[in-house]
Number of protein chains: 4
Amino acid sequence: MGGTMDGTKQRRRGDTRQRIQDVALELFAEQGYEKTSLREIAERLGVTKAALYYHFKTKEEILVSIFEDLTRPVEELAEWAGQQPRTLETKHEILRRYSEALRAAAPLFRFMQENQATVRELSIGDMFKSRLLGLRDILIDPEAELVDQVRSLSALFTLHAGMHVLQDVEGDPEDKHKAVLEVATDLITQAHRGARDS
Amino acid sequence: MGGTMDGTKQRRRGDTRQRIQDVALELFAEQGYEKTSLREIAERLGVTKAALYYHFKTKEEILVSIFEDLTRPVEELAEWAGQQPRTLETKHEILRRYSEALRAAAPLFRFMQENQATVRELSIGDMFKSRLLGLRDILIDPEAELVDQVRSLSALFTLHAGMHVLQDVEGDPEDKHKAVLEVATDLITQAHRGARDS
Amino acid sequence: MGGTMDGTKQRRRGDTRQRIQDVALELFAEQGYEKTSLREIAERLGVTKAALYYHFKTKEEILVSIFEDLTRPVEELAEWAGQQPRTLETKHEILRRYSEALRAAAPLFRFMQENQATVRELSIGDMFKSRLLGLRDILIDPEAELVDQVRSLSALFTLHAGMHVLQDVEGDPEDKHKAVLEVATDLITQAHRGARDS
Amino acid sequence: MGGTMDGTKQRRRGDTRQRIQDVALELFAEQGYEKTSLREIAERLGVTKAALYYHFKTKEEILVSIFEDLTRPVEELAEWAGQQPRTLETKHEILRRYSEALRAAAPLFRFMQENQATVRELSIGDMFKSRLLGLRDILIDPEAELVDQVRSLSALFTLHAGMHVLQDVEGDPEDKHKAVLEVATDLITQAHRGARDS
DNA sequence: AATGAATGAGCTTTCATTCAT
DNA sequence: AATGAATGAAAGCTCATTCAT
């Protein structure tokens with residue numbers, strides 16, 4: 001009060017919306033969506049619950065807004081992928097870019113991974129599904145042998161689960177990331193070859 | 001009243017505990033643990049909420065009891081595995097038996113897969129972790145290259161996720177099961193060879 | 001606590017549902033439906049809000065249950081009326097019995113009179129409308145002159161409003177009741193004659 | 001911004017207060033006072049809630065201002081009536097002018113009719129009561145027989161309720177209006193005669 | 001083996017209102 | 001003449017849990 005304000009209060013001007021999203025995602029990822037109450041989010045931010053409702057219409061909308069902001073890269077990737085030929089090169093590129101997108105929005109994807117039951121009931125469930133179907137259709141050849149289809153799926157699982165699970169394992173994050181991508185790429189490659197040869 | 005009544009009412013005598021577990025698991029798997037209320041479970045069974053408390057001390061205990069009953073095979077497998085030599089043959093056998101255990105208790109594992117955030121906060125989180133660590137330690141050689149460690153993990157992911165995700169895909173369930181197991185076995189084999197050769 | 005319980009606590013056993021309805025109607029009539037909160041009702045009864053929800057699913061259901069219990073006589077009257085010939089005698093009898101029904105459930109009808117906007121939006125609005133339409137169709141001849149139709153309506157208004165407004169006027173309640181009924185009967189008679197003569 | 005802009009934006013300059021009143025009355029009449037939120041009013045107008053507070057101190061003040069503007073004719077009528085002799089002619093004239101006033105401000109009176117419980121708790125309740133007492137005292141002879149007092153009241157009810165209820169009935173509005181007035185006049189006349197003869 | 005009645009804590013959401021700009 | 005941001009209070013409702021019977 002008084003003097004040249006420059007501290008936290010000042011910097012927070014106008015970025016409340018963003019701060020809500022940050023805190024919310026942190027808590028959602030940590031405790032799950034249902035176990036995180038708006039009271040908790042508001043308290044962490046030092047505002048009232050009602051303030052959240054100034055910025056977002058519902059609790060779900062907070063999550064949706066986070067989702068929309070953070071999955072834009074995936075959306076773009078899916079669009080791009082839809083226009084590529086179904087070559088092995090394309091598939092590799094998709095995995096590379098997808099793993100990058102996952103990394104960039106790790107907390108969100110960890111949340112989605114660990115709260116699938118919740119996500120399924122919310123609107124983002126459908127959004128994400130449709131967003132992923134594009135990639136799936138490129139990566140997986142419906143004509144291929146079942147084993148190879150599974151291999152392709154497995155590549156995706158590996159990417160998704162890999163990052164979260166490997167957090168417990170010691171080692172350089174960059175190395176782990178590369179290892180995960182390598183395994184996924186291997187799987188896709190085998191699947192692709194299989195489809196060719198059959 | 002009195003006499004030799006048979007039929008549904010009669011047959012249900014004494015199996016209420018079991019019926020609670022069945023309905024609870026069904027709902028937990030379908031909607032998630034937090035979104036499933038005891039009221040809902042009781043209503044489906046045609047009893048009152050208080051009746052649930054005659055059989056179980058808390059909501060969590062319902063889940064724990066289901067978990068304990070259904071993961072006993074996994075526990076036994078882990079015990080058995082701990083005494084085996086770390087050969088490729090052993091690893092294959094573990095995957096085979098583990099995938100069988102997953103299949104036998106599919107709804108529970110689907111639940112755990114889709115509610116990781118919840119499970120982590122409950123006591124079954126720790127139980128399961130410790131139960132799985134045995135398998136993990138056999139399957140994954142901590143001395144192996146990172147890529148091969150990832151491959152082994154990937155084998156597990158594939159088993160876990162494979163069954164649920166493949167439900168959408170058309171095809172004979174038995175075939176799908178075999179395909180998933182084959183991919184997992186392949187991954188483990190590669191990982192094992194890698195470890196040998198390095 | 002201890003000894004031979006006989007007091008209020010004892011008498012209240014099992015009649016909570018009824019007591020909720022009583023208190024609710026009193027408050028609804030006094031302050032209106034929206035301005036009466038469940039907290040207020042619960043406090044007056046010395047129970048918690050949650051107790052109300054044991055007995056009724058929603059706030060509206062409390063009102064609906066009161067309505068259903070108290071308007072049964074009107075329903076029966078409407079049924080009876082539907083099977084009578086459209087004579088002046090019938091009309092007089094309807095007014096007599098209707099005014100009796102209104103008197104028996106005075107607080108409810110006062111509430112409905114003074115909260116029409118609210119009632120219209122709730123389900124009881126439709127219920128009441130349909131329940132009244134029967135009477136209306138008997139009392140009002142659609143072929144009659146407009147003035148006479150208005151006269152019939154006016155008879156109903158008089159009955160409805162009469163009781164509440166006359167509370168401010170001094171005088172024996174019985175006398176007032178008779179006076180209101182007489183005016184209503186007069187109006188109906190004029191309307192009936194008009195219809196005959198035209 | 002500067003210049004000679006005309007059109008909607010321009011025409012609305014300065015009449016925001018009026019527009020608030022219009023929209024508010026419309027919503028109050030449609031949904032009731034409590035169920036109409038300031039947010040709703042503001043949204044319909046395309047302004048913020050805070051803008052309402054520039055023009056009115058409270059929600060109630062919006063209603064009061066509407067009331068004051070629209071009931072001025074009734075106030076004047078009451079004043080005029082107070083100075084007239086208590087002849088039948090005067091009474092007829094009052095009904096005629098009152099019914100005209102009701103018609104001119106129909107939405108407001110519909111609102112007051114359908115939200116009596118609310119109105120009673122607000123300041124306009126008292127205002128209106130005192131404003132009406134003048135008319136009442138002229139129309140109703142406290143010395144008259146109870147039946148005739150009721151008849152006079154009935155004349156007022158008829159005027160009040162008639163317009164709203166008759167909206168459902170088919171027919172020329174002008175005709176309906178006349179019919180209502182005729183019935184009211186009839187009632188007052190009978191009441192007046194009764195008083196004379198007793 | 002189970003019910004009826006109730007509680008306490010908590011939830012998401014809405015509202016009228018304020019105030020610096 | 002109006003907005004953007006926020007608040008405090010309260011609302012309706014749900015939940016897991018308890019306990020006497």
Side-chain angles (χ1 to χ4, degrees), chain A residues 12-17 20 33-42 45-62, chain B residues 12-17 20 33-42 45-62, chain C residues 12-17 20 33-42 45-62, chain D residues 12-17 20 33-42 45-62:
Chain A
R12 274 163 183 180
R13 253 308 152 60
D15 62 349
T16 302
R17 197 189 140 94
I20 293 173
Y33 177 77
E34 353 257 352
K35 299 250 308 181
T36 302
S37 71
L38 296 184
R39 179 183 54 67
E40 213 173 346
I41 297 174
L45 285 167
V47 298
T48 60
K49 272 181 292 170
L52 306 185
Y53 280 91
Y54 176 74
H55 294 281
F56 301 95
K57 270 211 286 283
T58 63
K59 183 184 179 184
E60 185 172 350
E61 224 210 59
I62 299 180
Chain B
R12 274 165 182 177
R13 260 290 164 78
D15 64 347
T16 302
R17 198 188 138 93
I20 293 172
Y33 176 77
E34 349 260 352
K35 298 250 307 183
T36 301
S37 69
L38 296 184
R39 179 179 56 65
E40 213 173 346
I41 297 174
L45 285 167
V47 298
T48 59
K49 270 186 293 171
L52 307 185
Y53 279 89
Y54 178 79
H55 294 281
F56 300 95
K57 271 213 287 286
T58 63
K59 183 185 180 184
E60 185 172 351
E61 226 210 58
I62 298 180
Chain C
R12 275 165 183 177
R13 255 304 152 64
D15 62 347
T16 303
R17 197 188 139 92
I20 293 172
Y33 176 77
E34 351 258 353
K35 297 250 310 180
T36 301
S37 70
L38 296 184
R39 180 183 54 67
E40 213 172 348
I41 298 174
L45 285 167
V47 298
T48 59
K49 269 183 295 169
L52 306 185
Y53 280 93
Y54 176 75
H55 294 280
F56 300 95
K57 269 210 288 283
T58 62
K59 183 184 181 185
E60 184 172 350
E61 224 211 58
I62 298 180
Chain D
R12 275 165 180 178
R13 259 288 165 75
D15 62 349
T16 301
R17 198 189 138 93
I20 293 172
Y33 177 77
E34 348 259 354
K35 297 249 309 182
T36 302
S37 70
L38 296 185
R39 180 180 53 67
E40 213 173 345
I41 298 175
L45 285 167
V47 298
T48 59
K49 273 186 289 172
L52 306 184
Y53 280 89
Y54 178 80
H55 294 281
F56 300 95
K57 269 214 287 285
T58 64
K59 183 185 180 184
E60 186 172 351
E61 226 210 59
I62 298 180

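In what follows, chains are A, B, ... by sequence order, proteins preceding strands, each numbered from 1. For the numbers below, each heavy atom of this structure counts, side chains included, while hydrogens, waters and symmetry mates do not.
For DNA chain E, the stems formed by at least three consecutive Watson-Crick or G-U pairs, with both atom-pair distances below 3.5 Å, span E:2-21 with F:2-21.
No N or O donor and acceptor, one from the side chain of C:Lys49 and one from the base of E:dT7, sit under 3.5 Å apart.
Residues from residues 52-61 of chain A placing a heavy atom under 4.0 Å of any atom in DNA chain F, listed by number, are A:Tyr54, A:His55.
Distance NZ (D:Lys35) to P (E:dA16): 13 Å, rounded to an integer number of Å. Protein atom CG of A:Leu38 is 20 Å distant from nucleotide atom P of E:dA9, rounded to whole Å. Look at CD on B:Glu34: it is 13 Å from P on E:dC11, rounded to the nearest Å.
For the pair B:Lys59 and B:Tyr33, the cation-pi test (distance below 6.0 Å, angle within 45°) is passed.
Side-chain atoms of C:Ser37 lie closest to F:dG12 of the nucleotides F:dG12, F:dC15, E:dT14. In the set E:dG4, F:dA2, E:dG8, the nucleotide with an atom closest to the side chain of B:Ala50 is E:dG4. The side chain of D:Ala51 sits closest to F:dT3 out of E:dT12, F:dT3, F:dC13.
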Without placing hydrogens or testing angles, list every side-chain donor-acceptor pair under 3.5 Å for residues 49-58 of chain D, not counting sequence neighbours.
unit_1	atom_1	unit_2	atom_2	d
D:Thr58	OG1	D:Glu60	N	3.4
D:Thr58	OG1	D:Glu61	N	3.0

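A sub-4.0 Å separation between OP1 or OP2 of F:dA6 and a side-chain N or O of A:Thr16 is present. Put simply, A:Arg39 has no side-chain N or O that comes within less than 4.0 Å of OP1 or OP2 on E:dT12.
Atom CD1 in D:Ile41 sits 5.0 Å away from atom CD1 in D:Ile62 (nearest 0.5 Å).
Looking at residues two or more places apart in sequence or on another chain, you find a side-chain hydrogen bond (donor to acceptor under 3.5 Å, both in side chains) between A:Glu40 and A:Gln31. With sequence neighbours left out, the salt bridge (Lys or Arg N to Asp or Glu O under 4.0 Å) criterion links B:Arg17 to no other residue.
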